[in-house]
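Structure, as structure tokens:
Because only heavy atoms are used, hydrogens play no part in the values below, and waters and symmetry mates are left out as well, while side chains stay in.
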Amino acid sequence: MRYDEQKLNRLRQQKEAALAAARGLSQEVSDTNAAVRHAENEARRRELSPLEKKNLDTLRTELELLRAAQNEAQERWNNLGNLVINLEGFISKEARP
Amino acid sequence: MTRKTFNLADAVKSAKAHVDNLRIRIEELKEKRDQAQNAPLPLDELAPKIERWIEAKASAFRTGINLSGLLNPNARGADLTLEVKGEPVLVGTSYASLPQLDGLACALMPEKVRELLLSIVAERLKDVETIPANERRKRIEKIEQELLAAEIEEESAITELEAAGFDLSRRPDADPRAVLAVKD
């Protein structure tokens, strides 16, 4: 039986892309989290204007969405990573004389 | 135009549902394979195993029993003591030590042990699926063929979705033969 090693390469690339996406989202989560913390500290020091309050709410919502997206990207990377390990193990066994 | 988009969405939904159903089928087949691998042998095939177990236990008992205290001419009383330079020295606490009691039972009354074990096994096998040794391999092979076919169908559905621009994650434990096989 012949096996499609190009497909394995495509899956490797997808894994790398998923890792890059997870890292990018992680950075965004970190930045947004810092912005939320900053706005919350500001709110403890003084009364925020209605626009600032609205912005803080928006930031909090954005942070939640980003965290969900980050978890999803992380899961996708884990799944692809395990799949690639599984396929590479099989190919190396098949290639053994 | 709107109609066409709607149909595409339906087609994708239906393809994803198909993959979900295949995944349920794959899990069921894996469970069925585990059951076939672990199902006990029928009673008539277990009886000779029980017989061999009884013989082995009885034999181990006979060879394992420690009679050194009993055989030693210097042993006295319930405790084993030896005279050393005219003084009694305690070197053991009994004439003989008995190894496992199951071995004793098998050596003394193998028929009763056999009868007891067979009745216990028969009771435990009631309502349990048993598989004769010569059938097990064939049954597992048949399930594995069905499993591979289901995984190939799953991969084919995922590949079609990918070609249409929709991404559906593969299972990390997917069968590599299904994921990487090249259709001739």
For chain A, find which of Pro176(B), Ser169(B), Ala174(B) contributes the most heavy-atom pairs closer than 4.5 angstrom.
Pro176(B)
List the residues meeting side chain to side chain donor-acceptor pair (under 3.5 Å) with Thr159(B), not counting sequence neighbours, and say none if there are none.
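For Thr159(B), the residues satisfying side chain to side chain donor-acceptor pair (under 3.5 Å) (neighbours in sequence not counted) are Glu155(B).
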From [atom1] ([X]) to [atom2] ([Y]), nearest 0.5 Å:
| X | Y | atom1 | atom2 | answer |
| --- | --- | --- | --- | --- |
| Gln6(A) | Leu180(B) | CD | CG | 12.0 Å |
| Leu83(A) | Asp173(B) | CG | CG | 9.0 Å |
| Asn79(A) | Arg171(B) | CG | CZ | 11.0 Å |

Taking every heavy-atom pair that is under 4.5 Å apart, which of Asn78(A), Asn82(A), Leu80(A), Leu87(A) has the most such pairs with chain B?
Leu87(A)
Side-chain donor or acceptor of Asn86(A) paired with backbone N/O of Pro172(B) under 3.5 Å
yes
Could you check whether atom CD of Glu40(A) has more than 12 heavy atoms from other residues, nucleotides or ligands sitting under 6.0 Å from it?
yes
Are [Y] and [X] linked, directly or through intermediate hydrophobic residues, by side-chain heavy-atom contacts shorter than 4.5 Å (ILVMFWY only)?
| X | Y | answer |
| --- | --- | --- |
| Leu101(B) | Leu116(B) | no |
| Val84(A) | Leu19(A) | no |
| Leu59(A) | Leu65(A) | no |
| Leu41(B) | Leu118(B) | yes |

Chain B contact via Gln14(A) - side chain, backbone, both or neither, heavy atoms under 4.5 Å
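Gln14(A) touches chain B through side-chain heavy atoms alone.
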